[in-house]
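Structure first, commentary second.
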Amino acid sequence: MSERKDLREFAKDLKNLIETEVERANQIASAKGLIYIRDVLEELDPDALVRKKQIRRSGLPDLPNSTSGEVVLRFAPNPNGPLTIGHSRGIVINSQFAKKYNGKVVLRFDDTDTKVKPPLIDAYEWIEEEYEWITGKRPDVVIRASERMPVYLEYAEAMIREGFGYVCKCSSLQFKKLRDAGESSPYRNRTPRENLVDWAKMIDGTMREGEGVVRVKTSMDLPNPALRDWPALRIQHNDHPVVGNKYKVWPLLDFQSAIEDHEQGVTHIIRGKDLMDSTRKQKLLYEHFGWKYPETMYWGRVKVFEFGGFSTSGMKLSILENEYTGWDDIRLPTIKSLRRRGFDSDALRDFWLDLGLSQKDISISMQTLESFNVKKIDSSTSRRTFVRNPVQINLSWSKEINDILAPLELANHPEGTVKGNRIWPIQENLDSLLIEFDDFDSNSKLRLKDFADISLIKNEGIIESLERTDKRRIIHWLLESISCKAILHIPDGNEVVSYEGLIENYNLEEGNIYQLERVGFAKIEKILKNGIVEMIWLHG
RNA sequence: GCUCGUGUGGUGUAGUUCGGCCCAUCAUGUCGCCCUCUCGAGGCGACGACCCGGGUUCAAAUCCCGGCACGAGCACCA
């Protein structure tokens, strides 16, 4: 009926008709069987036999009010630390929309707070670099709010001059009381001239911190108290790591962001839904200036199961207190950590794009990201053997087996997507064979992967056959002669668990990711001078 | 308390704009099987959801009303 709108008015009659027909079909079916019905339908309308599955919309939804080539988006982090997994959502979504509409992304550093969340001077470069890693290209425009101060101060002054902004000298507590009661600040109705005098005192530093703020005049009887005469600029006398002590007055996010979005011609803002009131405040400001506010979309809060509540400032503190080794500590939810561990940026993109844009608060699992990552890297990842907590086995074998012993050729990748073989010279080295402690069982029959069935009593093993003869457990193993010491660090909540063992020393390269057979994916971070291989866990 | 927002399987998502192609998509997860001499990859299958209650309608995940739950904002932070 969705196809034949013309029939809708006859819906009632149709229903009766259909019911009788269904009844008839059922009778035929019970009399002659379903096969018969199927044959009839085959003649009548073969399509009816195919059940259509619904099609899933893929990719990002359409941006409202957008013209290709004219879309300008922005990503505006606070440079008080490097990017976290959460930030990467903003980068991925914005850059993807820019790609879809042939638009631009402005990377803007919202660094106008010198006190509560002071900028970290290194973070500017880190973030630019991380942006590039995630998206594969540089942002189209990079802006530091702190360097745009003259612009903001000019607009602030214009606002005061025009009479829709004023200097309020109430304490924050006083104003809160007035606001909640819907009453005006005593400074609300002063003339622009009076306000300009106070504004000058704010600017030159004679007015001290906390003694005054510039407010945007909205209305004191707005239903949402948060929007009533909201603060736009306040006094901060701290030094700013980028521009020093040049400015005594700094804009707050709502003002700075609103002005800069307009200056940059931003057409679409995608932000967290915690910023919904920010949108409303800014719209009121835009009305004063007579500007058109960008289209705005929101996403909900994201929680990563494996990581509890991490904040940038919290991490900064913990790093300072040596609880973590740095921003790239493998237990931290930072992009630095993910990169260090060997995650692929495409996997990160796929992951966020799959989640898309929704205002729901979500809890996500690293497992999902890991699954995306495996798909990206598996085919290009070489296999190696790593034996944790090695146990030495003394092997013996018969004359017959001795005659057929030959070097093993093990493929770098079972599907051959990584070319080449590793050669294991077994004949002369079989006496020093190692298996994992966890696989060791003092009385068992095992299959040494790709090599032989053995039976084991204590540490004495006998080769029963080179061919696989039964379903006995397959374990991985290593010859001491082709191994070197290695250590694998695995992040586990707030701990790092480290496994010592021996790794197959065939062509190991720093920075490469390997799949340790029967263990998982890991990256070689460093090969130490003494030959020990330091590895970091990626995922299973 | 005030203001705003969101409810689809364990998790995440499609479908909601404009009611009918929806006995609800896809992924992840769990379980089972196949393949593979890895616990990886691949293949096949199973499991599992429209927050609740009313209403409108021939027809409701979709529209309306009322609950309930969860979340956010109410900073001289971003």
Side-chain angles (χ1 to χ4, degrees), chain A residues 1-5 7-16 18 51-58 61 76-80 110-113 115-118 168 170-172 175-176 179-180 209-215 222-228 230-236 250 252-254 256-257 272-280 298 300-301 305 312-313 350-351 354-356 358-365 367-372 374-375 378-379 381 383 385 410 413-415 417 447-453 467-468 474-476 515-521 539-540:
Chain A
M1 225 179 278
S2 66
E3 286 167 8
R4 296 284 304 270
K5 293 200 187 334
L7 292 178
R8 285 189 187 177
E9 52 182 314
F10 308 111
K12 258 182 175 156
D13 300 331
L14 275 171
K15 197 183 169 201
N16 288 332
I18 290 164
R51 199 176 145 213
K52 275 181 272 180
K53 275 204 169 178
Q54 166 177 6
I55 304 149
R56 179 186 164 84
R57 196 208 80 226
S58 66
N78 181 341
N80 63 339
D110 281 349
D111 59 346
T112 59
D113 171 40
K115 249 184 145 159
V116 184
K117 293 176 182 169
C168 172
C170 300
S171 72
S172 57
F175 183 80
K176 185 178 161 54
R179 184 198 64 190
D180 289 347
E209 293 188 9
E211 290 182 347
V213 299
V214 176
R215 294 191 179 283
L222 251 18
N224 186 347
L227 312 184
R228 297 173 191 162
W230 53 271
L233 303 99
R234 79 322 206 174
I235 302 167
Q236 285 195 341
W250 290 89
L252 286 145
L253 169 89
D254 293 316
Q256 177 271 123
S257 170
K273 67 175 186 176
D274 51 314
L275 260 29
M276 277 180 167
D277 280 350
S278 206
T279 301
R280 296 180 187 109
Y298 305 94
R301 201 189 55 165
F305 275 133
T312 303
S313 24
D350 289 352
F351 172 72
D354 185 59
L355 297 199
S358 97
Q359 292 192 28
K360 267 199 291 188
D361 297 323
I362 54 173
S363 290
I364 53 167
S365 164
Q367 269 189 18
T368 313
L369 211 209
E370 289 169 1
S371 158
F372 277 107
V374 170
K375 289 187 177 72
D378 180 76
S379 62
T381 304
R383 270 53 180 165
T385 296
L410 304 174
H413 190 286
E415 275 86 45
T417 50
R447 170 74 186 172
L448 300 180
K449 185 173 182 295
D450 297 307
F451 177 47
D453 284 358
E467 296 303 309
R468 178 136 210 220
I474 297 172
I475 64 165
H476 65 290
Q515 195 211 50
L516 308 174
E517 292 199 358
R518 299 215 314 133
V519 179
F521 293 83
H539 46 65

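So you know, we letter chains A, B, ... as the sequences are listed, proteins then strands, and number each from 1. Since this is a predicted model, take the numbers as computed values, not measurements.
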5' to 3', nucleotides 38-49 of chain B under a 4.0 Å protein heavy-atom cut-off (B base, S sugar-phosphate only, - none) gives BBBBS-------
Would you kindly check whether a donor in the side chain of A:R280 faces an acceptor in the base of B:U3, or vice versa, at under 3.5 angstrom?
no
Reading 5' to 3' and counting Watson-Crick or G-U wobble pairs with both distances under 3.5 Å, write the dot-bracket notation for RNA chain B, | for bases paired outside the strand.
(((((((..(((.......[.....)))((((((.......))))))...(((((..]....))))))))))))....
From the set B:U25, B:U3, B:G12, return the single nucleotide nearest to any side-chain atom of A:Q54.
B:U25
C1' gap between B:G9 and B:U28, integer Å
12 Å
In terms of side-chain geometry, is the basic nitrogen of A:D180 or A:R228 positioned less than 4.0 Å from the acidic oxygen of its partner?
no
Establish, yes or no, whether the cationic atom of A:R215 lies under 6.0 Å from the six-membered ring centre of A:F175 and within 45° of the ring axis.
yes
Please test A:E209 against A:R234 for salt bridge (charged side-chain N to carboxylate O under 4.0 Å, His left out), starting from the C-alpha separation and ending with a verdict.
CA-CA 8 Å; A:E209 293 188 9; A:R234 79 322 206 174; over 6 Å; no
Please give the distance between the C1' atoms of B:C74 and B:A27 as a whole number of Å.
38 Å
When the P atoms of B:G73 and B:U62 are compared, how many Å lie between them, rounded to an integer?
30 Å
N or O in side chain of A:S358 less than 4.0 angstrom from B:U13 OP1/OP2:
yes
Quick one: is A:R57 getting a side-chain N or O under 4.0 Å of the B:G15 phosphate, OP1 or OP2?
yes
Whole-Å gap separating P (B:G73) and CG (A:D180)
17 Å
Rounded to whole Å, how long is the line connecting atom CD1 of A:I362 with atom C1' of B:U8?
15 Å
The nucleotide from B:G73, B:U13, B:G15 with an atom nearest the side chain of A:N224 is B:G73
Has the side chain of A:R56 got a donor or acceptor atom sitting under 3.5 Å from an opposite partner on the base of B:G15?
no
Side-chain atoms of A:F372 come closest, of B:G71, B:C76, B:A27, to B:A27
If you only use heavy atoms from C-beta on, which nucleotide in B:U28, B:G20, B:C37 is closest to the side chain of A:R468?
B:C37
Using atom C1' of each nucleotide, how far apart are B:C63 and B:G19 to the nearest Å?
7 Å
When the P atoms of B:C47 and B:C26 are considered, how many whole Å apart are they?
14 Å
Is there a side-chain contact between A:K449 and A:I475 in this structure, where contact means two heavy atoms from C-beta onward sitting under 4.5 Å apart?
no
So A:A226, base contact, sugar-phosphate only, or nothing? Heavy-atom distance under 4.0 Å.
sugar-phosphate
Is it true that the side chains of A:Y298 and A:S358 contain a donor and an acceptor less than 3.5 Å apart?
no
Gap in Å between the two P atoms, one belonging to B:C4 and one to B:G67, rounded
15 Å
Looking at the side chain of A:D113, which of B:A78, B:U3, B:G5 is the nearest nucleotide?
B:A78
A:D274, nearest nucleotide to its side chain (from B:A72, B:G71, B:C74):
B:A72
Check this one for me: any side-chain N or O of A:R234 less than 4.0 Å away from OP1 or OP2 of B:A75?
no
So, is A:Q236 near the phosphate of B:C77, with a side-chain N or O under 4.0 Å from OP1 or OP2?
yes
Got a sec: does the CD1 of A:I18 have more than 12 other heavy atoms crowding it under 6.0 Å?
yes
Without decimals, in angstroms, what is the distance between A:L222 CG and B:U3 P?
12 Å
Between A:S363 and A:K176, whichever has its closest RNA chain B nucleotide further toward 5' is A:S363
Is A:Q359 close to A:M276 at the side-chain level, that is, under 4.5 Å between some pair of heavy atoms?
yes
Verify the contact: side-chain N or O of A:K273 to OP1 or OP2 of B:U6, cut-off strictly under 4.0 Å; return yes or no.
no
With a 4.0 Å limit, can you tell me whether A:K360 has a side-chain N or O closer than that to the phosphate oxygens OP1/OP2 of B:U8?
yes
Using the P atoms only, state how far B:G43 lies from B:U36, rounded to an integer number of Å.
16 Å
Measuring only between side-chain heavy atoms, which start at C-beta, is A:D378 closer than 4.5 Å to A:F521?
yes
Residue-phosphate contact under 4.0 Å: A:R447 side-chain N/O, B:C37 OP1/OP2:
no
Among B:A78, B:U3, B:G29, which nucleotide has an atom closest to any side-chain atom of A:D110?
B:A78
Sticking with atom C1', work out how far B:U30 lies from B:G48, rounded to a whole angstrom.
10 Å
